[in-house]
Number of protein chains: 2
Amino acid sequence: MPLRDNTEDRILRAATEVFLQHGKDGARMQAIAERAGVNKALLHYYFRSKEKLYQRVIVNLVDHAIKAVLISIPHDGRFRDFLTAFISNYVDHLAATPELIRFVLWEVGSSWRDPEKAATIGTIFKQALERYAGGRNLLLDTIQKAVERGEIRPVDPLHFTISLLAVCVYPFVARPLLEVVFSELDVLSEDFLKARKQELVELLWRGLQPEATNQLWVEEAQS
Amino acid sequence: MPLRDNTEDRILRAATEVFLQHGKDGARMQAIAERAGVNKALLHYYFRSKEKLYQRVIVNLVDHAIKAVLISIPHDGRFRDFLTAFISNYVDHLAATPELIRFVLWEVGSSWRDPEKAATIGTIFKQALERYAGGRNLLLDTIQKAVERGEIRPVDPLHFTISLLAVCVYPFVARPLLEVVFSELDVLSEDFLKARKQELVELLWRGLQPEATNQLWVEEAQS
DNA sequence: GTCTATACCTGGATAGAC
DNA sequence: GTCTATCCAGGTATAGAC
């Protein structure tokens, strides 16, 4: 996200704002031009087409988001600490960037239409992850190791990873639905977010305990 | 979903197919007309506008889906049976209707744009649920009762409900992403679905156990 | 009720002057 | 590099004959 004030960057910033708010189809080149203080012709001069401009914007956004979520996660401590930190981080970041969520939602939704376009958003994520973590998958690895160390019961790392992502993301994705069906609910409120993090750590951590569960105290003593 | 063969119903069926495949914006009135074996003018004759036609289709779809998922859920048995049945039902139904998922995804995504339209898809769900369950919320109630009966530890019913929906829905919603990031993954394969159901029941059920967990055997003996 | 033909609008892209 | 003016495709909606 460059901060210079040349025309190209002004357009890029304007495009980011407009795309975030209206989505790819909803965004109008006219609106982007106005917000950047130029006219439509210049957008094409710099970026050739709406599609190309869009690609630039989305790669920047995903890259930025992935860094923001993963950057402050501990890798070496106990698994429970990792779990707590990841949930807290992820939930907070999701709550803070609702526009980004609907944006990814639009992308995933439309990536279903075109067969080859399906790869697009996925590939953007994959490449951003590789750029950050270099090939290996942080979540899978962390769970795998915790299992091997006997910190948690043997679970399928892939399924648990998916479940972990699921319980964090879902409330924000389904917000328009949930807040109508459960009329008292306010997903973005402080109360809900705080309670959610606690409930999730509690639920998942217990879910990872073996049948006879005094594991907790053993671990406390270890470290 | 009427089965008659008059023009109006033929249009409605054709519209359902086309909307499911292409979404609201992607669908072309021309395509609907062709599939119904009539011409564009007739669509407007019967339904006035694309928007009106679309509303008719979506209400039908949601109504149908909710019935399909909820109809074979036991209400009176033990909580673990309910959990198992719900997960199995829901996952199977989601796996069987991928078009419906992307459709709802589109709707939720676009419901974010217009402030007043936000209510639309939510309201459609709420009304469909009320039509089916008459005011009370099946999931919340079932969890609440299980807590009161001491079958599971005291959890917040709302949070657990959200988590339960989350872990079931997420893999299907995020499929385009997940299948690229985890390259071996095939969400719709028999293997994955079977494993997923088992992992989910296991994870959530353990997550609902109190600290000292011999609860299992007590219950087995009860029934 | 059903067709053909067409009006009319929106929005991305380009030509060409400066 | 930046502007104005314009083109053109794709899409909804309607007029009017049968």
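Here is how names work: the chains are called A, B, and so on, in the same order as the sequence lines, proteins then strands, and each is numbered from 1. If you're wondering where the values come from, they're calculated on a predicted model, not measured in any experiment.
- Salt bridge B:D5/B:R13: present, at least one basic N to carboxylate O contact under 4.0 Å.
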Detail all sub-3.5 Å separations between protein N/O atoms and N/O atoms belonging to nucleotides 1-5 of chain D.
{"residue": "D:dT2", "atom": "OP1", "partner": "A:T7", "partner atom": "OG1", "Å": "3.0"}
{"residue": "D:dT2", "atom": "OP2", "partner": "A:T7", "partner atom": "OG1", "Å": "3.3"}
{"residue": "D:dT2", "atom": "OP2", "partner": "A:Y46", "partner atom": "OH", "Å": "2.7"}
{"residue": "D:dC3", "atom": "OP2", "partner": "A:N39", "partner atom": "OD1", "Å": "3.3"}

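- For A:Y90, the ring pair (Phe, Tyr, Trp, His ring centres under 6.0 Å) test picks out A:F86, with sequence neighbours left out.
- For D:dT12, one of the phosphate oxygens OP1 or OP2 lies less than 4.0 angstrom from a side-chain nitrogen or oxygen of B:R28.
- Looking at B:K67 and B:D63, a side-chain N of the basic residue comes within less than 4.0 Å of a carboxylate O on the acidic one, giving a salt bridge.
- Straight-line distance from the NE2 atom of A:H22 to the P atom of C:dG12: 12 Å, rounded to whole Å.
- Residues A:K24 and A:E107 are not paired through a salt bridge, judged by the lack of any N-O separation under 4.0 Å between the basic side chain and the carboxylate.
- Shown are B:L178, B:T97, B:V91, B:L105; of these, the side chain to side chain contact (heavy atoms under 4.5 Å, CB included) with B:F172 is made only by B:V91.
- For the pair B:K50 NZ and D:dG11 P, the interatomic distance rounds to 9 Å; values are reported in whole Å.
- Whole-Å rounding puts the A:L43 CG to C:dT14 C1' distance at 13 Å.
- Rounding to whole angstrom units, CE of residue A:M29 and P of D:dT6 are separated by 21 Å.
- Nucleotide D:dT12 holds its C1' atom 14 Å from the NZ atom of B:K52, rounded to whole Å.
- One atom, CD of A:E51, and another, P of C:dG11, lie 18 Å apart when rounded to the nearest Å.
- Of the side-chain N and O atoms in A:H44, one or more sit less than 4.0 angstrom from OP1 or OP2 of C:dA13.
- Across the protein-nucleic acid pair, B:Q30 atom CD and D:dA9 atom P stand 17 Å apart, rounded to whole Å.
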*For B:H75 and B:F82, run ring pair (Phe, Tyr, Trp, His ring centres under 6.0 Å): C-alpha distance rounded to whole Å, both residues' side-chain angles, the deciding distance at 0.1 Å, then the answer.*
CA-CA 7 Å; B:H75 295 79; B:F82 164 81; 7.8 Å; no

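- Regarding B:D25, its CG atom lies at a distance of 12 Å from the P atom of C:dG11, rounded to whole Å.
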